[in-house]
Chemist: 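Have a look at the structure that comes next, please.
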Amino acid sequence: CGSIGSLLPKPQRASGQVRVTFRRREGATCLYRLHQDGSAKVRFPRTGGDAPEAVLINMAGGMTGGDVFGTEVEMEAGARATLTTQSCERIYRSNNDAAAIDVTLRVQAKAHLDWLPQETILFDGGRLARRLDADLAGDAELLAVESTVFGRAAMGEIINSGAFRDRWRIRRDGRLIFADEL
């Protein structure tokens, strides 16, 4: 006989993947390829500027243990774009696995990418493993910012426990130029 716990349905885990490629054509950057899967979506607001903006959306509304989201961005030669998120990513309490966020950025020759997601909020008991890998051509440019908030003091939130791992690797022409592990 199984226990009552084994009879209850297992919670569904959220997952999503976005892959986007920008290409320079006729003097302007345009979307070349787009793939969206699961709870990860991307929207392209009209900004009126030269460089398009892509807004990543987690339709699940936050993350908890076992949730997995991935983003891959390819900037072809000479392309310029900004990627951001619709809102803060919230990492909720987990008693087991960590939530996982994997980001891969590839920026080819004379291309420029601004990677500017809104902050990630880690709540009490939240567990997150985040990874950012960037491969840059010799003259490519990348502005990348990832900020993390450990609870919100103004809301009276206190972090008593949790786990957070943040791993960055940035390469230029295949050579590691920046590595950070928290």
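Just so it is clear, the model here is predicted, and its values are computed rather than measured.
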Chemist: Identify whether the distance between the nearest side-chain nitrogen and carboxylate oxygen of Glu181 and Arg131 falls below 4.0 Å.
Modeler: no
Chemist: Tell me, which pairs form a salt bridge (charged side-chain N to carboxylate O under 4.0 Å, His left out) where one or both residues lie in residues 110-122, sequence neighbours left out?
Modeler: none
Chemist: Any chance you could lay out the side-chain contact (heavy atoms from CB on, under 4.5 Å) test for Glu141 and Val107, step after step, and finish with the verdict?
Modeler: CA-CA 7 Å; Glu141 297 176 346; Val107 187; over 6 Å; no
Chemist: Under a 3.5 Å distance rule, please check whether Arg172 uses its side chain to pair with a backbone N or O of Gly138 as donor and acceptor.
Modeler: yes
Chemist: Compare every heavy atom of Thr29 with every heavy atom of Arg80, then report the nearest pair and how far apart it is.
Modeler: N-OG1, 2.9 Å
Chemist: Within a radius of less than 6.0 Å around CG of Asp180, do more than 12 heavy atoms belonging to other residues, nucleotides or ligands occur?
Modeler: yes
Chemist: Which value, rounded to the nearest 0.5 Å, describes the distance between Arg13 atom CZ and Ser39 atom OG?
Modeler: 11.0 Å
Chemist: Output yes when a side-chain donor or acceptor of Gln118 lies under 3.5 Å from a complementary backbone atom of Gln86, and no otherwise.
Modeler: yes
Chemist: Report the C-alpha distance between Leu116 and Leu143 in whole Å, list the side-chain angles of each, state the deciding distance to 0.1 Å, and finish with yes or no for side-chain contact (heavy atoms from CB on, under 4.5 Å).
Modeler: CA-CA 8 Å; Leu116 304 171; Leu143 171 63; 4.2 Å; yes
Chemist: Which atom pair, heavy atoms only, marks the closest approach of Ala99 to Met63?
Modeler: CB-CE, 3.8 Å
Chemist: State yes or no: do Leu105 and Tyr32 share one hydrophobic cluster built from I, L, V, M, F, W and Y residues joined by side-chain heavy-atom distances below 4.5 Å, directly or via other members?
Modeler: no
Chemist: Run Ile121 and Arg152 through side-chain contact (heavy atoms from CB on, under 4.5 Å) and show every step you take.
Modeler: CA-CA 8 Å; Ile121 302 173; Arg152 299 173 296 182; 3.9 Å; yes
Chemist: Test of understanding: clusters of I, L, V, M, F, W, Y form through side-chain heavy atoms closer than 4.5 Å, transitively. Do Val68 and Leu128 belong to the same one?
Modeler: no
Chemist: Quick check: does any side chain N or O of Arg24 sit under 3.5 Å from a backbone N or O of Glu76, one acting as donor and the other as acceptor?
Modeler: no
Chemist: Would you say CZ of Arg25 has more than 12 non-hydrogen atoms from neighbouring residues, nucleotides or ligands within 6.0 angstrom?
Modeler: no
Chemist: How are the rings of Tyr92 and Phe123 set to each other: parallel, tilted or perpendicular (split at 30° and 60°)?
Modeler: parallel
Chemist: With sequence neighbours left out, what residues match Glu74 under side-chain hydrogen bond (donor to acceptor under 3.5 Å, both in side chains)?
Modeler: Arg106, Gln108
Chemist: Under the criterion side-chain contact (heavy atoms from CB on, under 4.5 Å), which of Val42, Leu56, Thr71, Val73 is the partner of Val20?
Modeler: Val73
Chemist: Does Arg169 pair with Asp133 as a salt bridge, N-O distance under 4.0 Å?
Modeler: no
Chemist: Side-chain contact test, heavy atoms from C-beta onward, threshold under 4.5 Å: evaluate it for Arg127 versus Ile91 and give yes or no.
Modeler: no
Chemist: Show the nearest heavy-atom pair for residues Ser94 and Thr64, with the distance to one decimal.
Modeler: CB-OG1, 3.9 Å
Chemist: What's the shortest heavy-atom distance between Met75 and Ala81, and which atoms?
Modeler: CE-N, 3.4 Å
Chemist: Just by distance, do the side chain of Asp67 and the backbone of Ala14 share a donor-acceptor pair under 3.5 Å?
Modeler: yes
Chemist: Check the hydrophobic clustering (I, L, V, M, F, W, Y; side-chain heavy atoms under 4.5 Å; chains of links allowed) and say if Trp115 and Trp168 are grouped together.
Modeler: yes
Chemist: Thr120 side chain to Glu89 main-chain N or O, any donor-acceptor pair under 3.5 Å?
Modeler: no
Chemist: What heavy-atom pair brings Glu53 and Val55 nearest, and what distance separates the two atoms?
Modeler: OE2-CG2, 3.8 Å
Chemist: When hydrophobic residues are tied together by side-chain contacts of less than 4.5 Å, even through go-betweens, does Val145 share a cluster with Leu142?
Modeler: no
Chemist: Is it true that, when you exclude Arg165 itself, more than 12 heavy atoms of the residues, nucleotides or ligands shown sit nearer than 6.0 Å to its CZ?
Modeler: no
Chemist: Considering all heavy atoms of both residues, which atom of Asp139 and which atom of Ala109 are nearest to each other, and what is their separation?
Modeler: OD1-CA, 3.3 Å
Chemist: Does Ile57 form a side-chain contact (heavy atoms from CB on, under 4.5 Å) with Arg43? I'd like the steps, not just the answer.
Modeler: CA-CA 8 Å; Ile57 303 169; Arg43 298 295 179 258; 3.6 Å; yes
Chemist: Indicate if Leu136 and Leu132 have the same hydrophobic cluster label, given that clusters are the connected sets of ILVMFWY residues with side-chain heavy-atom separations under 4.5 angstrom.
Modeler: yes
Chemist: Counting heavy atoms not belonging to Leu176, are there more than 12 under 6.0 Å from its CG?
Modeler: yes
